[in-house]
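Please read the structure below before turning to the comments.
Counting from 1, the numbers follow the sequence of the chain as shown. Heavy-atom basis, side chains included; hydrogens, waters and symmetry copies ignored.
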Amino acid sequence: MADTDAPDPAKLLKLARQALTSAEFRKKFHLADFWGPAEFYEPQMRFFADGAKYHQRLIRGGNQVGKSFSCAFEAALHMTGQYPKWWKGRRFTKPTRGWIVGVTAELVRDGPQRQLCFRQGEFGTGTIPLASFAGKPVMVPGGTGAINTLNVAHETDSSRDGVSTATFKSFEQGASKMQSESIDWIWVDERCSEEVYSELYARTTATDGIIFLSYTPLKG
């Protein structure tokens, strides 16, 4: 997929508002409104709340139990600044710079990227609201459908104050590709090497940032 073929949030937003009632639009393209303490499990709620106290967190368990969705939900809040009233975790009061890191580019595309952008198969139906995207995503060259960077409008106290960015990376890039930048938050999907993790953690020290991990302990 070339950059010219990247999803166009503005166009999709216009079409969706023409075709759907406000209730239908909200249910399809503003997922966060329908998730709260009644929908999340107690361990997920503790995981969120611990973000206010700890710089490093881990949520682990079996396949398809909501680990990645929990992290995608939190990542979307840090990008948009649209924290719900019940949120007790970490809050950023400025646009953020985030990374989403997984095993391979393909697995990142099919896992975290889908949760954030394509949960119901259409762009904008993930944990990031369609109306919050600030322009087209920057695509990875090669026509794989993988996204390199997302730009998302950030709000503080319901007023827009800038644009957050989130970049997708993979362990296969190596620790050398995790250097230099200062990052506010990092979501690590699946377990990585100590070398890679050390570089990732270092990226958050200058910003007083956070790093949260989701993985299934298949090998113990």
Check your understanding: Between F171 and R191, is there a cation-pi geometry (under 6.0 Å to ring centre, at most 45° from the normal)?
Key -> no
Output for pair (L58 CG, F47 CZ), nearest 0.5 Å, gives 7.5 Å
Output for pair (D189 CG, C71 SG), nearest 0.5 Å, gives 7.0 Å
Distance col, row H30:NE2 vs I128:CD1, nearest 0.5 angstrom, shows 11.5 Å
CD1 of I183 to OG1 of T204, rounded to nearest 0.5 Å, is 9.5 Å
Does E172 reach the main-chain N or O of A105 with its side chain, forming a donor-acceptor pair under 3.5 Å? yes
- Decide whether R109 and Q113 meet the rule of one side-chain donor and one side-chain acceptor closer than 3.5 Å. no
Under the 6.0 Å and 45° cation-pi test, does R17 pair with F25?
-> yes
(Q) Taking the side chain as everything from C-beta on, heavy atoms only, tell me whether V140 gets closer than 4.5 Å to I147. (A) no
Which side-chain N or O atoms in residues 73-80 pair as donor and acceptor under 3.5 Å with protein atoms at least two apart or in another chain?
unit_1: E74; atom_1: OE1; unit_2: R57; atom_2: NH1; d: 3.0
unit_1: E74; atom_1: OE1; unit_2: R57; atom_2: NH2; d: 3.4
unit_1: E74; atom_1: OE2; unit_2: R57; atom_2: NH2; d: 2.6
unit_1: E74; atom_1: OE2; unit_2: H78; atom_2: NE2; d: 2.9
unit_1: H78; atom_1: ND1; unit_2: Y83; atom_2: OH; d: 2.8
unit_1: T80; atom_1: OG1; unit_2: A76; atom_2: O; d: 3.1
unit_1: T80; atom_1: OG1; unit_2: Q82; atom_2: N; d: 3.1

Worksheet item: Does any non-hydrogen side-chain atom of T207 lie less than 4.5 Å from one of W185?
Response: no
Test side-chain hydrogen bond (donor to acceptor under 3.5 Å, both in side chains), reference K94, set T156, D161, D184, output is D184
NZ or CZ of R203 within 45° of Y201 ring axis and under 6.0 Å
no
### Ring geometry between W86 and F40 (parallel below 30°, tilted from 30 to 60°, perpendicular above 60°)
tilted
- Say whether L15 and L20 are linked into one hydrophobic cluster, either directly or through other cluster members, by side-chain heavy-atom distances under 4.5 angstrom. no
Residues at least two apart in sequence or cross-chain that pass side chain to side chain donor-acceptor pair (under 3.5 Å) with T21, listed by chain then number, are E24
Is it true that S70 and Q44 share a donor-acceptor pair across their side chains at a distance under 3.5 Å?
yes
Would you confirm whether the ring centroid of W35 sits within less than 6.0 angstrom of the ring centroid of F69?
-> yes
